[in-house]
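None of these values were measured; they are calculated from a predicted model. Just so we're on the same page: letters track the sequence lines, and every chain starts at 1.
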Amino acid sequence: MTVTASSPAAAEADAILSVNNIEVIYDHVILVLKGVSLVVPRQGIVALLGANGAGKTTTLKAISNLLRTERGEVTKGSIEFEGQRVDRLSASDLVRRGCIQVMEGRHCFAHLTIEENLMTGAFTRRDGSAAIAGDLEAIYDYFPRLKQRRSSIAGFTSGGEQQMCAIGRAMMSRPKMILLDEPSMGLAPQIVDEIFEIVRDLNCKEQVSFLLAEQNTSIALRYASWGYILENGRVVLDGDARMLRDNEDVKEFYLGVSGAGRRSFRGVKHYKRRKRWLA
Amino acid sequence: MSALAEMLQGEVARAAAETLLTVENVSLTFGGVRALSDISFDIRKGEIRAIIGPNGAGKTSMLNCINGFYHPRSGRITFKGKTRQRMRPYEAASQGIARTFQNVALFKGMTTLDNILTGRTLKMNRNFFWQLLRHGPAMREEIEHRIYCEDIIDFLEIEHIRKTPVGKLPYGLQKRVELGRALAMQPDLLLLDEPMAGMNLEEKEDMCRFILDVNRHFRTTIALIEHDMGVVMDISDRVVVLEYGHKIADGTPDEVKADQRVIDAYLGVSH
Amino acid sequence: QAAAQDQIYVPLLTYRTGPFAGSGIPIADGMRDYLEMLNQRDGGIGGVKIAIEECETGYDTKKGVECYEATKSKNPVVVNPYSTGITLQLIPRASVDKIPILSMAYGLSASADGNTFPWIFNPPVTYWDGASVMVGYMAQQLGGFDKLKGKKLGLIHLDAPYGKEPIPLLQDLSKRYGFELKLYPVPAADMQNQSGIWLGIRRDRPDFIYNQGFGAMNPTAVKEALRNNFPIDKLVGVWWAGGDDDARAGGAEAKGYKSLNFHQAGTNFPVIQDILKNVADKNLSKVDNRNRIGENLYNRGVYNSMLIAEAVRTAQKLTGKKVVNGEDVRRGLENLNISEQRLKELGMEGFAAPVQVSCSDHNGHNKVFMAEWDGSKYVKASDWMAPLKDEVRPLIDSAAKEYAAGNSGWPKRTEACDKAT
Amino acid sequence: MFYREAGQFKTTYASDMAVLPILQDRIGLAVILLIGFVGIPLLGGNFFLQTVMIPFLVFSLAAIGLNILTGYTGLLSLGSGAFMGVGAYACYKLTTIYPGVNIVIWIVASGFFAAAIGVVFGLPSLRIKGFYLIVATLAAQFFLQWSFVRIPWLYNYNASGAIEVPQRLFAGIPLTGANATPVTRYLVLLGIVTFLTWIASNLVHGRIGRSWMAVRDMDIAAELMGIRLLPAKLLAFAVSSFYCGVAGACMMFLWYGGGEANDAFNINQSFTILFMVIIGGLGSLIGSFLGAAFISILPTALKFGVPALGIAIPGTVAEHATYILLGALIIFFLIVEPHGLARLWQIGKQKLRMWPFPY
Amino acid sequence: MDLIYSIFVDPFLQMAGAPDLLVQTLWEGFVGGILYALIALGFVLIFKASGVFNFAQGIMVVFAALTLVGLYEKGVPAFLALALTIGVMFLIAAAVERVVLRPLVNQPDIILFMATFGLTYLLIGLGEAIFGGNPKVMIAEQLYLPKGAVDIKMLGGVVTLQKIDIAAAVIALAMIACLSVFFQYTRIGRALRAVADSHKAALSVGISLNQIWVIVWFLAGVVALITGIMWGARSDVSFALQVVALKALPVLVLGGFTSIPGAVVGGLIIGIGEKIGEFYWGPLVGGATESWLAYCIALVFLMFRPQGLFGERIIERI
Ligand SMILES: Nc1ncnc2c1ncn2[C@@H]1O[C@H](COP(=O)(O)OP(=O)(O)OP(=O)(O)O)[C@@H](O)[C@H]1O
Ligand SMILES: Nc1ncnc2c1ncn2[C@@H]1O[C@H](COP(=O)(O)OP(=O)(O)OP(=O)(O)O)[C@@H](O)[C@H]1O
Ligand SMILES: [Mg+2]
Ligand SMILES: [Mg+2]
């Protein structure tokens, strides 16, 4: 059963990003995405949810054109950013156009210092060093921890610090759209909240759109306006975030609230098996 | 049902009397950075001990000290009654400490099964010449361990990826394989570094179940780093809280949850 | 069709590529052009066309042996390996395959012993001969063998078996005549990077230096000698260190650089004129520039092919057959006797010294001379000098014995010797 | 469709852990062995055996050796040429000192000498990693090569400075020396290669192979799993050098039949073997064979095969074309499949499995 | 006893006895080191910018020098030939980027290393096909490189400095200074280091590898040309020159793969070390030690600093 409520017509008209029925194959033989379509409205925050291996990361990489570096390719469908086909561009072209990805698993430049890492984010910018320095300060304000560690070699910083660095680095490019892959991973709860606050901030103040692949469903749905649930390379459910939050199945399996409130992790039953939307 | 649970609890409590590992006054610095200063705590046999704290607090560094990857500048670590200053990581492994890593550190070119079998290395002792033949005793040994690993694979429900190279697995499964590899070592002390990062609720629940089962059935002592407070508070017996390399709290989940310093430093208001 | 019944198949293992191509190209051109000239001018040897086939070795032993294997089935009358490494490989095979090996003034010195090596020929001289001439030359310059006492001879050599070859002989001679021998080995990887070696030479100040080098090592040595103010006329190369390119790198200042030689450079010989007329003019030569005909190494190729042709001719005479095979040419080589008279007929008067090879002596230890670089070409700068055969021969005999002993199962010579003709 | 495991159930772990669990693969291997031991000696001429098959087998052996070090253990080495040299000289010394012992025994035994030397030069590998390790192995390469010239005892003080291979019999037939026919040499070599490949396959599929791969993929984690790095790396060096050493001995005694080892075992040899391993596929035994075939046979095939087709090209042009073509093919194959021919082979099998569906 | 004397005492007595020779040896070592550094520089440039260990640098040196001399022999005036050669190097850079690097982005180092070997084969084949295998004489004079030597009387002897060596040192040092500044203090420099760290991450922040690679390979090509001129002037221009490029390996490793100053310091240590070693200790073991001494020197340094003198720290974290 597909609960797909058709996306709001307004968003359709002013989509910053639209992915139309793409198929992705790795290594010429492994079919991972089997027709995924999604739309991110301008100035929207869209969450991409799904279990491990559903294909969230793959979708984001397909959009940012990083697939090719992993011997994957988009074999069908099209991807449009601001109304133009981008699936034949290079990753750096896309960044220049204002769409940047924060990769899952941090990927800082290990041998560069934190500050140099952040500065590489500004590589495509042409608006002068004063503006860049200003943004750098802004990022240090968001992440004071980074300021403390600014001259440390990134490879030696802690996992969470690297995660902040990766997010900050992407923000340095002043994008119109950020593809965030698991931003909350490895961050302390406080920081997670802060990050999502930043997301909201950027979204409101600077009109940055977001596509979030996130495992922390409850927080993602709290901040997003629209959500897609991916399973096995297909979109199985999508809808308004509030609607998804109220969906019983989503509640049960993604939010962990059953009738009696939050479940305890200690009491998890062995035989429990999640209902799959697809066989 | 609850009787059984109580019985289990009681057993845990009895075992808890014994300490497995004590950390005394451990300090660690990198250049100018004080990663750990004067940390002391202990881990009792059979318990689940959580280590929490903000990013960069020194949690991972603490685990690294325990299994010999970092050498503390001062302080003592006593494991199973033996105190040591410096030791090589493989010595820690051979004494029965296994761990998983924050940044998945699987052997990317190998299959799931091979990764888990690697965990059995210390338990395999047919010598080089039998290995050359891979028949007779060597093969028997190999099969014996294979059976053990198959049990783990079964337990972790990763049968379907048994022969897939792990490099291409999604992140969550990689974490699970990593747990399997650590379990294969049949450790006395299992160190888990953010085992649930990057998982959704359901997968976290699965993971909790595995951890609890391991703890209950194999009596494996577990030290756990995790940022999901729900998980930590639910499954751990005692919690240490670190901040900027200092210990700021130590106690049962409920005690810690109520500690004002912990709330300020780490939990924030929403929890 | 190369091995057709009415042809004499002469494969040429050459190297026009690889790091030693600089020496390989002129030699290959010379060898080829002389045989081609015979085909054009005389219709071959004794009326039988020569089927010439080049096989590229790149001076690489593996490829060389491949070439040998590939040509073997086409009944070659003689094989010229053109690399010591390849020669060493082919020596044991020759007697089995019944193909004579002509390694002209290179290869295994011991193979001069015809009793042990009936199938291998290395005329006209061995490296030991060359080194002995060097000592003789030094004595001559100083005014007699008795003046050698207390002098220093440096040997700069490639640090490989080829380069080390003269050492035992020079050691013997240095003991005998009381001069000091200094060794300067140049590692193959550092052929073009000799400044360290030449510092040592500066320190030791040898009176003469003998250069047993090859390829890129030679021009570098000449340049380094100049850089280090070593008197260039005291630097003498073995014949393989006498390429035009070797000296040319030093420019005009290299004037006076010497190299041993057993044939002349230049085009002033009827034989070279014939090549120009019958080959180059008909555009049958592969040389990229006509001026290179007559260069030293080109003429070496010509000389080499002359030996081949004469051996074939001798074989035809001995057997009465027109189309000869490997065994016949082996006999031809054993009876090779190129006299002054014959040289004249060949258009090589003054080009080379007479050569004689015998059943027991596959080398002949023939005369050589000193060629000198005059700034643009090599000229003859001494009389023909005979090697110190008495010093060389015992060394060859013992080396041959050792070789046979080391290769247990080395066959005793079964091939009969022809009566001297 | 034709290649799939469907219907082949494994009821024991032993059968699941077999190196070739699929029936079709086992049949394929049997066919290859049959062709190798019977077909080729019967049908291949001497030229084919001598210039194609024998070099191919020798290089395969060396490539297996290097693959164990570089492909399985992740230690980059440019010293394999010299380790082959050690094997060749060891075999030469052994058979000249003890001429009575069967040469095949000495060929295999010479591997142990190479292994010992390999261990010595492997010692720095504990501290030095990645491309930096090249230096340690290059030191081995150049130092050993230098010793081959500089220590006359190694070549029995021969005037030629070369290894002079004496005639040795095997079951009454000459196996080395001038009188040995290519067929005998080929068959014995094939026997050695088959045996050693079987051993290598046992090693890499067992505990030791796993610990090597663990060291390769993440040495820190491997150590934390209880694998001691130094012994594991040194063992890899030893086994790898053993294979290279045997390959070197085979090269001198069964292929070259003597020669200047200084020249034969130079740095280019080391490079060649490394390329075989990379082109073939790091960490794959089949890859070692495929790589050896590609790099050792292709130039020969181009050189002698093209003229045989009736296209007359002068030797030099052919040589240049060979270089250009070989270079282009290397790049081409890397682009098509960076993980080497072995991976291409696997993907091919995968496609066969799916056939007639694309994926 | 004798051995100890000849190892530990005699060489130093020799040094003291003939200080002029010692100075000369040091100078030769210095010059040799500078020349090594030039080759190593080409490697470093490419390694720093793409993490590619460019085996083809040696053949690029030969190819550049051959193009220069070959054009001159065809009658092109020397400086025009120089300009044309630079153009050719640019074309090579562009072609390499397009054909080799772009499809291989984000592949393991060793694969890229292997690809550069394919490139080496290609260039050898092309070079020999175009220019022939004959060695050629470098047109040093036509390029107004100085000739001759300066003799300096000192320490009771004469130390000879070749003018071309002095020129080589000056040119090399100037070039190295420029490149260091470029890498350390410019935006592009930082981007290059990022690329070397991780292709994928660099792509994700929008660094366009394509342009950068062309720039860097072109720079390396120019360095190769200068190297070719300098080495060619020392001996001649032939394919054998390629072998010398191997010597850059210990230099690189010693200095650290990613460091431009490292290439110079490494070059000097190796250059001077091997000359002194060969000159004073070489005769004890029969000479020709230069073939391996460099590697052993580098090995000794590495045992203490596994990342080389100036290399980036090796990051071991879990
Ligand atoms: N490079 C690759 N080659 C082959 N298969 C791949 C590759 N990368 C990913 N896959 C496969 O694609 C599928 C989707 O993976 P993806 O990483 O997109 O999942 P995900 O939804 O991001 O999961 P997670 O939440 O664990 O990050 C998985 O089954 C994975 O095995
Ligand atoms: N090898 C090292 N060299 C230099 N600094 C280090 C090293 N290892 C850790 N640090 C520093 O020590 C501090 C503690 O790091 P650690 O990784 O232990 O943090 P953590 O508590 O695990 O944080 P997170 O939750 O973000 O993973 C960090 O600031 C880090 O930069
Ligand atoms: Mg993902
Ligand atoms: Mg951590």
With a sphere of 6.0 Å drawn around [atom1] of [X], does it hold more than 12 non-hydrogen atoms of other residues, nucleotides or ligands?
| X | atom1 | answer |
| --- | --- | --- |
| D:W345 | CH2 | no |
| B:R73 | CZ | no |
| B:F128 | CZ | yes |

Using non-hydrogen atoms only, which part of [X] is less than 4.5 Å away from chain D: side chain, backbone, both, or neither?
| X | value |
| --- | --- |
| B:R140 | neither |
| B:L133 | both |
| B:A98 | neither |
| B:S94 | neither |

Interatomic distance, CZ@B:R134 vs CD1@D:I199, rounded to 0.5 Å, equals 12.5 Å

Could you state the interatomic distance from CD1 (D:I208) to CH2 (B:W130), rounded to the nearest 0.5 Å?
14.0 Å

Qualifying ring-ring contact (aromatic ring centres under 6.0 Å, His included) pairs with a residue from residues 154-187 of chain B, counting only residues at least two apart or across chains
B:F155-B:F210

Is there any residue in residues 215-228 of chain D with a non-hydrogen atom under 4.5 Å from a non-hydrogen atom of chain B, and which ones are they?
D:R216, D:D217, D:M218, D:I220, D:A221, D:A222, D:E223, D:L224, D:M225, D:G226, D:I227, D:R228

Chain B contact residues among residues 108-116 of chain D, heavy-atom distance under 4.5 Å
none

Any idea which of [options] has the most non-hydrogen atom pairs under 4.5 angstrom with chain D?
| options | answer |
| --- | --- |
| B:L122, B:L117, B:L113 | B:L117 |
| B:H145, B:M185, B:E141 | B:M185 |
| B:R181, B:R99, B:E142, B:E91 | B:E142 |

Who among D:A214, D:A200, D:G206 has the most heavy-atom pairs with chain B under 4.5 Å?
D:A214

Side-chain polar contacts of residues 121-132 of chain D - donor-acceptor pairs under 3.5 angstrom, sequence neighbours left out - could you list them?
residue, atom, partner, partner atom, Å
D:S125, OG, D:G122, O, 2.6
D:R127, NE, E:M303, O, 2.4
D:R127, NH2, E:M303, O, 3.3
D:R127, NH2, E:F304, O, 3.3
D:K129, NZ, E:E316, OE2, 3.0
D:Y132, OH, E:F257, N, 3.1
D:Y132, OH, E:Q307, O, 3.1

Identify the two heavy atoms, one from D:R210 and one from B:M110, that lie closest to each other, and give their separation to 0.1 Å.
O-CE, 3.7 Å

Could you go step by step and tell me if D:N202 and B:Q131 meet the side chain to side chain contact (heavy atoms under 4.5 Å, CB included) rule?
CA-CA 7 Å; D:N202 286 344; B:Q131 297 292 335; over 6 Å; no

Of the backbone (N, CA, C, O) and the side chain (C-beta and beyond), which part of D:L235 lies under 4.5 Å from a heavy atom of chain B, both, or neither?
side chain

